[in-house]
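Below: one structure, written as structure tokens.
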Amino acid sequence: MYTWIHKFGSPKHFYRIAGKVIPWTAAITVILFLYGLYGALITSPPDYQQGESARIMYIHVPAAWMSMFVYMILAVAGAIGLIWRIKIADVMAQASAPLGASFTVLALATGSLWGKPMWGTWWAWDARLTSELILLFLYLGYMGLTTAIEDKRTAARAGAILALVGVVNIPIIHYSVDWWNTLHQGATVTKFDKPSIHIDMLIPLLVMAVAFKLYYFTVVLVRARADVLFNERRSAWARDIVAKVKL
Amino acid sequence: MGGYGLYVWSSYALALVLLLGNLVAARVHRKKILQDLISRLRREKSS
Amino acid sequence: MFRAFVAMFNRDILLAYRHRSELINPLLFFVIIISLFPLALGPESRVLSTIASGVVWVAALLAALLSLDAVFRSDFADGALEQIVLSPQPLTMLVFAKVLAHWCVTGVPLILMSPLLASMLHIKDAALGTLMLTLLLGTPVLSLVGSVGVALTVGLRRGGMLLSILVLPLYIPVLIFAAGAVNDAAAGLAVTAQLTFLGSMLMLAITLTPLAIAAALRVSLN
């Protein structure tokens, strides 16, 4: 296992394996998106309370899940980069940040688009939307820090520390926002609560969630692969690859 | 879409724009790096 | 180890004492920010007392942020920070001493000033004690968490604006619980839950942030 990690962690192997993986994940992503969209827009029934507007869920919920998942990736990859000095981990973290921020923006925007017909307002200080907003701030801070530091390795390590501090804070933020929300909004039940979900809605939701995840892996690998090639531009294998590329 | 069409479709459109945008940005990023590396290699060879 | 801690603490207190005028600035900022609110919202005591806890806490947050740069910046500029990082004493201990000293010279005066400002905002008498207690528990957390941000940005030329983006989101839990406690106290409710939570956040910050600060300094100084 450990040797395998080191092998995959070596830039050369990463570049080669990622190159083979990308077409597959891309193809599966497309298939899953088509199937998920078919389920989300056509076969799934409208919600008995929210009607057709519940179809926003198939975008909003996976985006919100991804926004948290990607932040975890930032922290985990950051920790791996800090502790074992694996270069790929640094590259993955850097490549993930803009994607994570996009997912957060998507979750916020769709939450707002969902909120308008449901609450009658574009923005409500709902616990989940507020947590998501704070998560966006954390992403922007991370990206601000890593772009402000010129040396790439220093930037990655500083970002890793920030992401770790953020990850420790996220549960605290989440809990405090929940507490604050129940305090100020009393018994206003948000209609986002869905205690039980119909199976015809659950399946497209899960398919969309997996599709989002694979999409993320595909794009992050494309980005990370290019970054690895750039970082290793002085090594022989990278030169070989560049020499063969035709644009 | 039961009167919610605007909200539903703009959600899906936004998702499409963001996901495609990220994909295109990643590919442009890759292309730029490759072009940069190729020109570096050429300069080294010619010198 | 303990002697190194005390020596570092005394050094920073002494340095702060030599630059007294700089210490006044965050405090003055705190006072001015708070006095802006009555001017913007009108002098009605009913309005002011409802927002008082929030205003005092937001102002404390900003004042803490403003003063934070001083923790490491001047030591970084004259090279002392590098010596500290290279010293054989555990860096976590030394940075903790520095942050503690910084809190003593910026946080404590802020707590002492707060009753005066709170009464200017017509805060309810019942909430005054809670306000001071939340500041006592909360401002060290602000100093500790903020120092992580300072340690990460100390090498950057224009770290000031970035620092606030890094640090302010992390301050939100403190703000929520502290301002919530003061509001509840003003309404005559029990506030033990919030105070306990603030206390545990303080404990968590004391145990974890020195590690993060030390790691961040090592990264920043390379």
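Numbers restart at 1 for each chain; the letters A, B, ... are given by sequence-line order, proteins then strands.
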Heavy-atom cut-off 4.5 Å, strictly under: side chain, backbone, both or neither for A:Ile241 against chain B? neither

At their closest point, which heavy atom of [X] faces which heavy atom of [Y], and how far apart are they?
| X | Y | answer |
| --- | --- | --- |
| B:Val8 | A:Ile56 | CA-CG1, 3.9 Å |
| A:Arg55 | B:Tyr12 | O-OH, 2.7 Å |
| B:Leu14 | A:Ala109 | CD2-CB, 3.2 Å |
| A:Phe230 | B:Leu37 | CD1-CD2, 4.0 Å |
| B:Leu23 | A:Tyr215 | N-OH, 3.7 Å |
| A:Ser102 | B:Leu18 | O-CD1, 3.8 Å |

Which atoms of B:Leu41 approach chain A - backbone, side chain, both or neither, heavy atom under 4.5 Å: side chain

B:Arg42 portion near chain A, given a 4.5 angstrom heavy-atom threshold: neither

Does a sphere of radius 6.0 Å around [atom1] in [X] hold more than 12 heavy atoms from other residues, nucleotides or ligands, not counting ones at 6.0 Å or beyond?
| X | atom1 | result |
| --- | --- | --- |
| B:Glu44 | CD | yes |
| A:Trp123 | CH2 | yes |
| A:Lys12 | NZ | no |
| A:Tyr35 | OH | no |

Please report the interatomic distance [atom1]([X]) to [atom2]([Y]), rounded to the nearest 0.5 Å.
| X | Y | atom1 | atom2 | result |
| --- | --- | --- | --- | --- |
| B:Ser11 | A:Ile59 | OG | CD1 | 7.5 Å |
| A:Phe103 | B:Asn22 | CZ | CG | 7.0 Å |
| A:Leu41 | B:Trp9 | CG | CH2 | 4.5 Å |
| A:Asp227 | B:Ile33 | CG | CD1 | 5.0 Å |
| B:Arg40 | A:Arg234 | CZ | CZ | 7.0 Å |

Counting heavy-atom pairs under 4.5 Å with chain B, the top scorer among A:Ala54, A:Ala63, A:Pro117 is A:Pro117

Below 4.5 Å, heavy-atom pairs only: which of A:Val222, A:Val219, A:Thr218, A:Leu106 has the largest tally toward chain B? A:Leu106

